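This report concerns only the one structure given below.
One-based numbering along the sequence shown. Since the structure is predicted, the reported quantities are computational estimates derived from the model, not experimental observations.
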Amino acid sequence: MNRAIRHTWTAGVAIFTVLLLALTYVQFFAARSLEAHPWNNRSLYEQFGADRGAIVVGGDPKAYSVPSDDDFEHQRVYADGPLYGHLTGYFSLVYGATGLEAALGEELSGASADQFYDRVLAMFSGDQPTGASVELTVDPELQRVSQEVLQGRRGAVVALDPETGAILSMVSSPGFDPNELASHDAASVIAAAERLNGDPDQPLVNRAIAGDLYAPASTFKILDTVAALESGRYTTDSQLPNPQELPLPGTDVTLPNYVGGGCAARPQADLEFALEQSCNTPFASIALDLGEDAIRRTAQNFGYGEPLSLPLQVTPSVFPEELNASQLALSAIGQYDVRATPLQVAMTSAAIANDGVMMRPQLVDTVRSSDLSVLDAFSPEQLRRSTSADVAGTVTDLMVEVVDDGIGRGAAVPGVEVAGKTGTAEIGSEEGLNDSWFTGFAPADDPEVAVAIVVEDVDVATGSSLTTTGAKQIFEAVLNK
């Protein structure tokens with residue numbers, strides 16, 4: 001009898017121990033993996049049942065949750081979806097979260113460390129936790145103007161406050177409607193995703209900060225000019241060789257001057273004329289004289305090669321390595337394998353505008369808890385000194401001439417000095433189409449906004465008209481506020 005009791009007791013202790021160990025494992029070791037498991041419907045119901053905070057622009061919510069009449073309690077809604085979709089991203093039952101919905105997912109869901117006490121209070125009160133709201137730095141009027149500038153074409157616009165780094169607008173075209181991907185109807189979401197992913201125009205790609213990136217073309221000549229002035233070998237009075245064609249070393253190919261400007265008027269050119277008319281051969285000769293390391297170092301000083309978080313992740317811009325002479329000459333005019341985001345090009349102009357200081361670009365102004373107390377607030381932060389104030393001032397004067405008397409005249413604003421630079425990137429199109437650029441800032445003497453605009457697959461005349469007049473619209477929208 002005693003033996004039977006002893007065996008029963010031993011078996012009971014063993015079972016209890018196994019259960020205790022299993023519970024400990026589940027609670028402390030396997031909890032995260034079980035929560036993240038794709039078959040864990042409870043986790044999905046929790047996430048989509050939560051009242052996520054809003055993403056706000058200019059005081060108006062652009063992403064917010066509303067009560068849902070299905071099993072998930074709340075439905076995510078996107079106001080002006082195609083205009084803000086690349087910023088907000090989407091919160092999808094099928095595909096997860098993208099954009100700010102992903103980057104600030106903990107704050108929006110109320111799960112961040114800063115919201116711990118809010119969660120405790122909600123637990124004791126029996127209320128459902130509410131996520132924090134996220135207020136963006138974007139100006140809603142400027143965002144809409146930036147979208148209109150692109151006229152439905154493929155391309156992107158970025159506008160920054162040079163003094164603070166605040167992103168005033170960021171548009172990628174074509175856009176998409178995140179409401180289609182946030183539906184609780186899985187079949188319709190999958191159908192929308194297949195259509196969007198199969199679209200050759202790639203509407204889901206945020207061209208402003210990601211994707212395949214662009215050849216920055218002649219906007220890169222701003223950096224050549226900085227490198228030339230910093231070297232001490234060149235001044236604004238230096239005379240540069242300006243042949244209509246420059247033989248590329250080691251090849252049978254020549255680099256022609258830009259045919260749309262007035263380069264043919266002078267066999268030699270100073271920096272002002274070369275930048276004003278966007279002549280290729282003088283800048284190629286500067287790069288060949290200074291060498292690859294000097295040009296790369298200048299590019300790096302302006303942010304090439306560095307990843308950024310806005311908190312959206314930015315693809316680093318690229319200046320190639322181990323170049324031969326002909327490749328260096330092409331790289332100096334923003335071709336060959338040089339690749340940049342429109343954000344990078346806007347940051348370059350912003351650094352010149354801000355006396356050579358590059359500020360960290362930021363998309364989020366304030367994060368507020370459900371009781372409106374501030375959890376986090378944007379504070380301007382210097383990212384680096386890209387060049388000296390003297391060099392930045394000289395480059396500003398040269399960029400003003402591009403708009404006053406050069407090929408950037410379309411960006412001129414009456415009564416205001418505008419600094420700018422155009423660019424035309426050859427993309428190998430058999431139809432002779434190019435990617436067209438404009439970057440610059442205004443007012444030149446007290447900058448309020450720096451901008452970069454790129455439009456894909458356009459002829460030279462159309463591209464120049466779209467980008468320069470588009471920049472003018474953006475400058476006027478800011479200056480007339």
Side-chain angles (χ1 to χ4, degrees), residues 211-234 238-261 263-264 267-271 274-275 277-307 315-341 344-345 348 386-387 391 395 421-430 432-437 439 454:
D212 294 333
L213 309 192
Y214 295 93
S218 292
T219 64
F220 195 85
K221 291 172 184 174
I222 297 171
L223 300 183
D224 297 331
T225 305
V226 170
L229 295 171
E230 287 182 340
S231 73
R233 300 186 196 180
Y234 298 89
S238 297
Q239 294 298 304
L240 307 168
N242 187 34
Q244 291 311 292
E245 294 186 349
L246 177 71
L248 294 176
T251 75
D252 296 327
V253 179
T254 60
L255 172 66
N257 257 339
Y258 175 59
V259 296
C263 296
Q268 288 192 315
D270 56 21
L271 275 174
L275 199 67
Q277 300 301 322
S278 201
C279 304
N280 291 330
T281 56
F283 290 101
S285 69
I286 287 173
L288 292 173
D289 176 37
L290 297 181
E292 176 185 340
D293 289 346
I295 303 300
R296 177 181 296 102
R297 184 169 56 251
T298 302
Q300 290 172 341
N301 288 344
F302 279 81
Y304 277 72
E306 181 179 356
T315 303
S317 297
V318 177
F319 188 84
E321 298 183 357
E322 299 181 3
L323 302 172
N324 61 36
S326 62
Q327 292 165 346
L328 176 58
L330 291 172
S331 297
I333 62 167
Q335 296 274 183
Y336 185 54
D337 286 340
V338 183
R339 293 291 180 271
T341 61
Q344 171 65 64
V345 176
T348 297
S386 295
T387 191
V391 168
V395 174
K421 182 71 192 81
T422 60
T424 303
E426 297 181 3
I427 55 177
S429 168
E430 294 180 1
L433 301 181
N434 309 277
D435 292 345
S436 186
W437 284 92
T439 187
V454 63

Query raised in the report: Do the rings of Tyr214 and Trp437 sit parallel, tilted or perpendicular, given the 30° and 60° boundaries?
Result: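 Judged by the thresholds at 30° and 60°, the geometry between Tyr214 and Trp437 is perpendicular.
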
Taking all atoms of both residues into account, what is the closest heavy-atom pair of [X] and [Y], and its distance?
| X | Y | answer |
| --- | --- | --- |
| Thr315 | Gly211 | OG1-N, 4.4 Å |
| Glu322 | Gln327 | O-OE1, 3.9 Å |
| Ala227 | Thr298 | CB-OG1, 3.4 Å |
| Ala425 | Ala217 | N-CB, 3.5 Å |

Taking C-beta and beyond as the side chain, do [X] and [Y] meet within less than 4.5 Å on heavy atoms?
| X | Y | result |
| --- | --- | --- |
| Leu240 | Phe283 | no |
| Asn280 | Lys221 | yes |
| Pro320 | Val338 | yes |
| Thr348 | Thr439 | no |

Requested in this report: With side chain to side chain contact (heavy atoms under 4.5 Å, CB included) as the test, would you mind laying out the steps for Leu330 and Leu255 before giving the verdict?
Outcome: CA-CA 8 Å; Leu330 291 172; Leu255 172 66; 4.0 Å; yes

Requested in this report: For the pair Arg296 and Asp293, find out whether any cationic side-chain nitrogen is under 4.0 Å from an anionic carboxylate oxygen.
Outcome: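 Answer for the salt bridge query: yes.
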
Query raised in the report: Among side-chain atoms of Ser278 and Ser218, is any donor-acceptor pair under 3.5 angstrom?
Result: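 Side-chain D/A pair, Ser278 to Ser218: present.
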
Flag, side chain of [X] to backbone of [Y], donor-acceptor distance under 3.5 Å:
| X | Y | value |
| --- | --- | --- |
| Thr219 | Gly423 | no |
| Asn242 | Pro282 | no |
| Gln335 | Glu426 | yes |
| Gln344 | Thr341 | no |
| Ser386 | Asn301 | yes |

Query raised in the report: Would Phe220 and Phe319 count as a close aromatic pair, with their ring centres under 6.0 Å?
Result: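 Ring centres of Phe319 and Phe220 closer than 6.0 Å.
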
Query raised in the report: Can Ser326 and Val253 be said to form a side chain to side chain contact (heavy atoms under 4.5 Å, CB included), step by step?
Result: CA-CA 9 Å; Ser326 62; Val253 179; over 6 Å; no

**Report entry** Stepwise side chain to side chain contact (heavy atoms under 4.5 Å, CB included) check, Phe302 with Thr387
**Finding:** CA-CA 8 Å; Phe302 279 81; Thr387 191; 4.1 Å; yes

Requested in this report: Tell me, with the steps shown, if Leu271 and Leu229 meet side chain to side chain contact (heavy atoms under 4.5 Å, CB included).
Outcome: CA-CA 10 Å; Leu271 275 174; Leu229 295 171; 3.9 Å; yes

